[in-house]
Engineer: 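Next up is a structure, given as structure tokens.
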Amino acid sequence: MPQTPPAPSSDDTNPSPATAAAAASTTPAWRRHRGWGTAIALLVVVALVGGSWYLIKRPAAGRGPGGGGFGGGGAPTVTVGSAQAQQRQLPVTLDALGTVTPLATVTLKPQVGGVLTEVLYAEGERVKKGQLLARIDPRPYEQALMQAQGTQKRDEAQLQAARVTLQRYRTLLGQDSIARQDVDTQAALVGQLEGTVIADRAAVASAQLNLEFTRITSPIDGRIGLRTVDPGNNVTANASTGIAVVTQINPIDVQFSVPQDRVPEIMRQLRSGGEVAQMAVLAMDRTRSDTLDTGRFSTLDNVVDVSTGTVKAKARFDNAQAALFPSQFVNVRMTLRTIDALVVPVTAVRNGPKGPYVFVVGEDKKARMRPIKRGETTVDWVQITDGLQAGERVVTEGGDRLDDGTVVALQGDAPPPGGVPAGKAAGAGEANAGARKVSPPNAEQRQRILDSAAGDPEKLAQRKAFLDAIDKGDPQALERWQQMRQRRRGDGGGPP
């Protein structure tokens, strides 16, 4: 029979230290390691949560002892670029893609057949109207002309003799010495010969015309293309290829399309007469960085293209420098009119769920979100028709970091005493000195500005326009250049 285990004694219920150590030595090692791993994981989670809380709630960089802005308590300060809303003349423009179209293109086709004996032009040269360009062997046509002239002369002599005979018959008829029938027959012969002479004259004129057609001349002023026939070849009348093509390039047209919504405005300009000359049209290259020529609006088509909702239009250019080439694609910018408008830079206007808005910086240096209504727009400016007053300052750079009521610092503003780190005091003094007198960028700075947009043609064109505006003394451009210098110095990077 199995034996019943003995009941535990008092020594077993209260084991001695030696007994406990002996029991611990029998606990598996993997249980002890799992306990330590759990504790370490909990410590890591607590550290991550605490670090996140600190990063979110810590004071913004650059605050003073009070924890807000440069020297006081409150919300973090965000440095932004700004500009003032201003009244200025705003051109209302229309941009489109156009095709250069010559006023006339003529294919020189021979009117008579024969051997091409001379080619008197160089390919690609400018030719004048009436200039002799080529010659066909004229000898067959000279002989035909002489033959026609001989026939005409013979028939004219016969006509003259018939008229003399008719006059004699009429005299005899008056003396009652000849029958009236003879007189009538002679009169009919005279009429027949008169018709023959008229036909002979036409034949002579036709022969003369064919002889003139052996001289191929330019019907217009223009530029001649490549020739397709060499001297010595036999050409036929009205050959499909022709000898060459002459294209008129001075003046020249550019054809483009305008939205149908703009048609009433353009028609009002056309009816007003005097303002048509103000509708200037620029023809620019592919990147819109260079203006090829300046012309004027010419006319509109008489029908709307239902597939695109546009109307074809033409503008005429003098093309004195031959910068516009037939069938070339150009960017067209037409100035419809110029208006006196309240404008802000394009970068100041933002779009939200409730429509466009701007951030307006008040006297308290807080940015307030304000809804606006936009009007006409150019590459650089936006017309504000409602929601803003002239002289108010709006945020142009850094608006994506703002909320309604955010405290801001404007680029170029000097911070209050005590709020500027000691290492940047000298830089702030230089910025204030630069605010009093703005010097244009030097050659190295210009090249650095252009190199920063070397891979983007549109940005490169904007940088060139910005430098041109600085050279012209544009206050907005000078202010922006000053802000760029101050921002770069504030970052410790030296001059831009």
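Heavy atoms only: backbone and side chains are in, while hydrogens, waters and symmetry mates are out.
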Engineer: Could you measure the distance from the CD atom of Q152 to the CD1 atom of I198? Nearest 0.5 Å is fine.
Structural biologist: 11.0 Å

Engineer: Is there side-chain contact between L108 and P219, with at least one heavy-atom pair below 4.5 Å?
Structural biologist: yes

Engineer: Excluding sequence neighbours, so at least two apart, what forms side chain to side chain contact (heavy atoms under 4.5 Å, CB included) with P138?
Structural biologist: E142, L211, T214

Engineer: For residues 187-196, which side-chain N or O atoms pair as donor and acceptor with protein atoms under 3.5 Å away, sequence neighbours left out?
Structural biologist:
| from | atom 1 | to | atom 2 | distance (Å) |
| --- | --- | --- | --- | --- |
| E194 | OE2 | R163 | NH2 | 2.9 |
| T196 | OG1 | Q192 | O | 3.1 |

Engineer: Could you pull out all residues at least two apart from R370 that satisfy salt bridge (charged side-chain N to carboxylate O under 4.0 Å, His left out)?
Structural biologist: E392

Engineer: Could you report the tightest heavy-atom contact between T396 and S82, atom names first, then the distance?
Structural biologist: OG1-N, 3.4 Å

Engineer: Is there a side-chain contact between I136 and I216 (heavy atoms, below 4.5 Å)?
Structural biologist: yes

Engineer: Considering non-hydrogen atoms only, spot the tightest contact between L300 and A313 and give its length.
Structural biologist: CD2-CB, 3.6 Å

Engineer: May I ask you to decide if K373's main-chain N or O and T385's side chain share a donor-acceptor pair within less than 3.5 Å?
Structural biologist: yes

Engineer: Partners of N331 by side chain to side chain donor-acceptor pair (under 3.5 Å), sequence neighbours excluded?
Structural biologist: R288

Engineer: How far does CG of L173 sit from CD of Q181, to the nearest 0.5 angstrom?
Structural biologist: 12.0 Å

Engineer: Return the set of residues passing ring-ring contact (aromatic ring centres under 6.0 Å, His included) with F213 (not counting sequence neighbours), or none when no residue passes.
Structural biologist: none

Engineer: Just to verify, what does I339 make a side chain to side chain contact (heavy atoms under 4.5 Å, CB included) with, not counting sequence neighbours?
Structural biologist: L90, V92, R337, A341, E376, Q383

Engineer: Looking at T378 and W381, would you say the former's side chain and the latter's main chain have a donor-acceptor pair under 3.5 Å?
Structural biologist: yes

Engineer: Verify, without hydrogens or angle tests, whether T291 (side chain) and D293 (backbone) share a donor-acceptor contact under 3.5 angstrom.
Structural biologist: no

Engineer: Using modelled atom types only, decide if a donor and an acceptor are shared between the side chain of T228 and the backbone of G242 within a distance under 3.5 Å.
Structural biologist: yes

Engineer: How long is the gap from CD on Q186 to OG1 on T165, to the nearest 0.5 Å?
Structural biologist: 5.0 Å

Engineer: Mind checking the CZ-OG1 spacing from R180 to T185? Nearest 0.5 Å is all I need.
Structural biologist: 12.0 Å

Engineer: To the nearest 0.5 angstrom, please state how far the CD atom of Q389 sits from the CD atom of Q84.
Structural biologist: 13.5 Å

Engineer: Taking the side chain as everything from C-beta on, heavy atoms only, tell me whether V204 gets closer than 4.5 Å to L145.
Structural biologist: yes

Engineer: Is any side-chain heavy atom of L410 less than 4.5 Å from a side-chain heavy atom of V80?
Structural biologist: yes

Engineer: At their closest point, which heavy atom of P110 faces which heavy atom of I243, and how far apart are they?
Structural biologist: CD-CG1, 4.3 Å

Engineer: Is any side-chain heavy atom of T335 closer than 4.5 Å to one of M279?
Structural biologist: no

Engineer: Locate the shortest heavy-atom distance separating P326 from P102; write the atom from each residue and the value.
Structural biologist: CB-CD, 4.0 Å

Engineer: Applying salt bridge (charged side-chain N to carboxylate O under 4.0 Å, His left out), name anything that partners R139, two or more places apart in sequence or on another chain.
Structural biologist: D137

Engineer: Just wondering, do V281 and F317 contact through their side chains at under 4.5 Å, heavy atoms?
Structural biologist: yes

Engineer: Could you tell me whether the side chain of R168 reaches within less than 4.5 Å of the side chain of T171, counting heavy atoms only?
Structural biologist: no

Engineer: Which atom pairs, donor and acceptor, lie under 3.5 Å between side-chain atoms of residues 114-130 and protein residues at least two apart or in another chain?
Structural biologist:
| from | atom 1 | to | atom 2 | distance (Å) |
| --- | --- | --- | --- | --- |
| T117 | OG1 | R135 | O | 3.0 |
| E118 | OE1 | R135 | NE | 2.7 |
| E123 | OE2 | R227 | N | 3.1 |
| E125 | OE2 | A122 | N | 2.8 |
| R126 | NH2 | N250 | OD1 | 2.3 |

Engineer: Is a side-chain donor-acceptor pair under 3.5 Å present for D305 with S307?
Structural biologist: yes

Engineer: Is there a side-chain contact between Q255 and D301 in this structure, where contact means two heavy atoms from C-beta onward sitting under 4.5 Å apart?
Structural biologist: no

Engineer: Salt bridge (charged side-chain N to carboxylate O under 4.0 Å, His left out) with R223: which residues, sequence neighbours excluded?
Structural biologist: none

Engineer: Quick test of your reading: applying salt bridge (charged side-chain N to carboxylate O under 4.0 Å, His left out), list the pairs with at least one residue in residues 316-329, sequence neighbours left out, ordered by first then second residue.
Structural biologist: D253-R316

Engineer: Any chance you could measure N302, atom CG, to K312, atom NZ, to the nearest 0.5 Å?
Structural biologist: 11.0 Å

Engineer: Residues in ring-ring contact (aromatic ring centres under 6.0 Å, His included) with F359, at least two apart?
Structural biologist: Y357

Engineer: Show the nearest heavy-atom pair for residues V358 and V394, with the distance to one decimal.
Structural biologist: CG2-CG1, 4.2 Å

Engineer: Show, in sequence, the C-alpha distance, side-chain angles and deciding distance for L94 and F297, and conclude whether the side chain to side chain contact (heavy atoms under 4.5 Å, CB included) test is met.
Structural biologist: CA-CA 12 Å; L94 187 150; F297 182 79; over 6 Å; no

Engineer: Donor-acceptor pair, distance only, cut-off 3.5 Å: does the side chain of Q111 make one with the backbone of N210?
Structural biologist: no

Engineer: Decide yes or no on side chain to side chain contact (heavy atoms under 4.5 Å, CB included) for V395 and V361, but give the supporting numbers first.
Structural biologist: CA-CA 7 Å; V395 175; V361 180; 3.6 Å; yes

Engineer: By side chain to side chain contact (heavy atoms under 4.5 Å, CB included), which residues pair with A477, not counting sequence neighbours?
Structural biologist: F466, A469, I470, D474

Engineer: Could you pull out the closest heavy-atom pair between V258 and F256, with the gap in Å?
Structural biologist: CG1-CE1, 3.5 Å

